[in-house]
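Comments concern the structure below.
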Amino acid sequence: MAAGEEEDHHQSPLLRSSDELKEPLKRTGSAWSAVAHIITGVIGAGVLSLAWSVAQLGWILGPLLIIVFAGITLVSTSLLCDCYRYPDPERGPSRVRSYMDAVKLHLGEKIHKVCGVVVQESLYGNGIAYTITAASSIRAIQKSNCYHKEGHQAACTYGDNFYMLLFGLIQIVMSQIPDFHNMKWLSVVAAIMSFSYSFIGFALGLAKVIGNGKIMGSITGVPAANVADKLWLAFQALGDIAFAYPYSIIVIEIQDTLKSPPPENQTMKKASMTAIFVTTFFYLCCGCFGYAAFGNDTPGNLLTGFGFYEPYWLIDFANACIVLHLVGGYQIYCQPVFAFVERWLTKKYPNSSFVNNFYTFKLPLLPGFQWNLLRLCFRTAYVISTTALAMLFPYFNQVLGLLGALNFWPLAIYFPVEMYFVQKKIGAWTRKWIVLRIFSFACFLVTVVGFIGSVEGLISAKLS
């Protein structure tokens, strides 16, 4: 059987139902489905904070760092793509089905446990961030209509908690989708939505710049009361940009959906390059035109901060697109958690009917849906917990910056670099080893300063 066609029966799948366990997993994904998954995972909450980030960093450093992070993400994902098959990246007989499985295979059990904590925290944190963002967008739709009817000076004050609960209820239902292989349609819809609201943000910024008749902002960015405050804000902006890009933890799960030939790593690298090029274009447009439109008054969230009031229906549409995209984006980041926990429990309790038995639920005129008690209970509890924490810390820019800083270096840089060393058998103190070590250390410094700035911002927001 050809390397591209073989199915390794000995490894655990990402997540399968009882019916799927009876036959090998069929991979039907293409470069375009991979691009859809990536864009769904990447263009999310982060794009909305980029105008604010550029405003803190100024006209030179802001756009430059967006491009730099795009390059870093491209290098990181390229290293990871070669870790899917083992020992050869194109013809290796063994597949790894997740980021954590790749770490375990290449770096051993001890590093695998450390990685597990960081990965689950990252995926869980994205669920919190997406809940905060979705609630802000739902609230923004109400405020937009209120401002249109009552005038721009009206109070139009609405809380976030109700909208977070509403988003949580939607996610409880969506979380019953079995796995990545069953959500290609959701990723396509979510990717279309992300393009829509990114383009609207860019177009509104461009229109306001034209209306102003000048480009706002400065080389040094928004002034602060003192040097320390300026540094905190710049560090937080760095964390926000770091949050906007990397999708390392879902690269291998997406790659596992691809058909072959051609080899999966080649397809995935092409998909990553296409997706990163597209997202960088939109990031630069939204970040730069948002700052050019508002200057020192750039809102923390471009489409919910009400720098734009009219046309109100377009603001409503853009925020509706954000919510629809985040419904899919939330699932992109929580499915690996579901898969990990449910695989582990399946192995630990092979005879448990609660864990292993599937039941068919059938509605008239609709295909039967298989459900499982473990899936229903665990996934529901998971969504409830992310919703509760989002309600406790509803600070958009600070939460994004903290998550971006915490996860950027270990997940997007350190583990991929170390796995690449093992996969390619790169010796210490060779030229490639030295270059990648310097690359890793520089990114570590980014994580440190981003973390410091975001923690300071989160504490200040909570205390105020």
Side-chain angles (χ1 to χ4, degrees), residues 6-29 37 94-102 104-105 109 112-113 116-117 119-121 123-124 126-127 131 165 167-187 249-250 252-257 327-328 330-388:
E6 55 81 27
E7 298 294 340
D8 44 322
H9 302 279
H10 302 293
Q11 293 186 0
S12 300
L14 178 68
L15 184 63
R16 301 190 202 173
S17 69
S18 56
D19 285 346
E20 291 173 318
L21 288 169
K22 298 175 185 176
E23 58 185 29
L25 186 64
K26 294 179 180 178
R27 296 173 176 83
T28 59
H37 282 315
S94 297
R95 300 175 189 262
V96 289
R97 301 289 178 79
S98 70
Y99 187 98
M100 286 181 59
D101 287 346
K104 183 176 182 180
L105 178 64
E109 185 64 37
H112 171 253
K113 290 179 180 177
V117 174
V119 166
Q120 304 309 324
E121 170 271 320
L123 294 167
Y124 188 79
N126 274 281
T131 302
L165 289 172
F167 185 75
L169 286 173
I170 294 170
Q171 289 304 336
I172 286 174
V173 175
M174 299 303 295
S175 68
Q176 297 306 306
I177 295 173
D179 55 34
F180 265 131
H181 300 276
N182 292 274
M183 58 183 293
K184 185 188 299 184
W185 63 272
L186 184 61
S187 282
I249 47 180
I250 58 173
I252 291 177
E253 275 89 350
I254 295 172
Q255 195 166 339
D256 191 45
T257 67
V327 168
Y330 185 103
Q331 289 302 312
I332 285 283
Y333 282 102
C334 70
Q335 284 292 340
V337 181
F338 298 158
F340 170 75
V341 172
E342 291 169 15
R343 276 206 308 261
W344 180 77
L345 289 172
T346 299
K347 289 179 180 178
K348 191 170 181 64
Y349 303 103
N351 300 317
S352 169
S353 59
F354 177 81
V355 173
N356 296 291
N357 285 7
F358 283 78
Y359 307 91
T360 300
F361 180 73
K362 183 78 170 66
L363 288 173
L365 306 178
L366 293 174
F369 176 76
Q370 285 200 324
W371 65 280
N372 164 269
L373 285 172
L374 168 65
R375 180 184 293 171
L376 180 65
C377 295
F378 168 67
R379 296 187 181 193
T380 299
Y382 180 93
V383 173
I384 290 172
S385 67
T386 59
T387 305

Task: Verdict with supporting geometry, F340 and Q120, side chain to side chain contact (heavy atoms under 4.5 Å, CB included) - done: CA-CA 9 Å; F340 170 75; Q120 304 309 324; 3.7 Å; yes
Could you tell me whether the side chain of [Y] reaches within less than 4.5 Å of the side chain of [X], counting heavy atoms only?
X: T387; Y: F167; result: no
X: I172; Y: I384; result: yes
X: Y330; Y: I170; result: no
X: Y382; Y: S175; result: no
X: I252; Y: R97; result: no

- [ ] Could you go through the side chain to side chain contact (heavy atoms under 4.5 Å, CB included) check for S98 and R343 one step at a time?
- [x] CA-CA 12 Å; S98 70; R343 276 206 308 261; 3.8 Å; yes
Task: Closest contact, heavy atoms only, M100 versus G116 - done: CE-CA, 3.3 Å
For the pair [X] (side chain) and [Y] (backbone), establish whether a donor and an acceptor sit closer than 3.5 Å, ignoring hydrogens and angles.
X: N356; Y: Y349; answer: yes
X: T380; Y: C377; answer: no
X: D256; Y: V96; answer: no

Would you give the length of the straight line joining atom [atom1] of [X] to atom [atom2] of [Y], rounded to the nearest 0.5 angstrom?
X: S353; Y: N372; atom1: OG; atom2: CG; value: 9.5 Å
X: H112; Y: L105; atom1: NE2; atom2: CG; value: 10.5 Å
X: S94; Y: D101; atom1: OG; atom2: CG; value: 11.5 Å

TODO: Output, in order, the C-alpha distance, side-chain angles, deciding distance and verdict of side chain to side chain contact (heavy atoms under 4.5 Å, CB included) for F338 and Q331.
DONE: CA-CA 10 Å; F338 298 158; Q331 289 302 312; 4.3 Å; yes
Task: Criterion side chain to side chain contact (heavy atoms under 4.5 Å, CB included) on E109 and K104, from CA distance to verdict - done: CA-CA 6 Å; E109 185 64 37; K104 183 176 182 180; 3.0 Å; yes
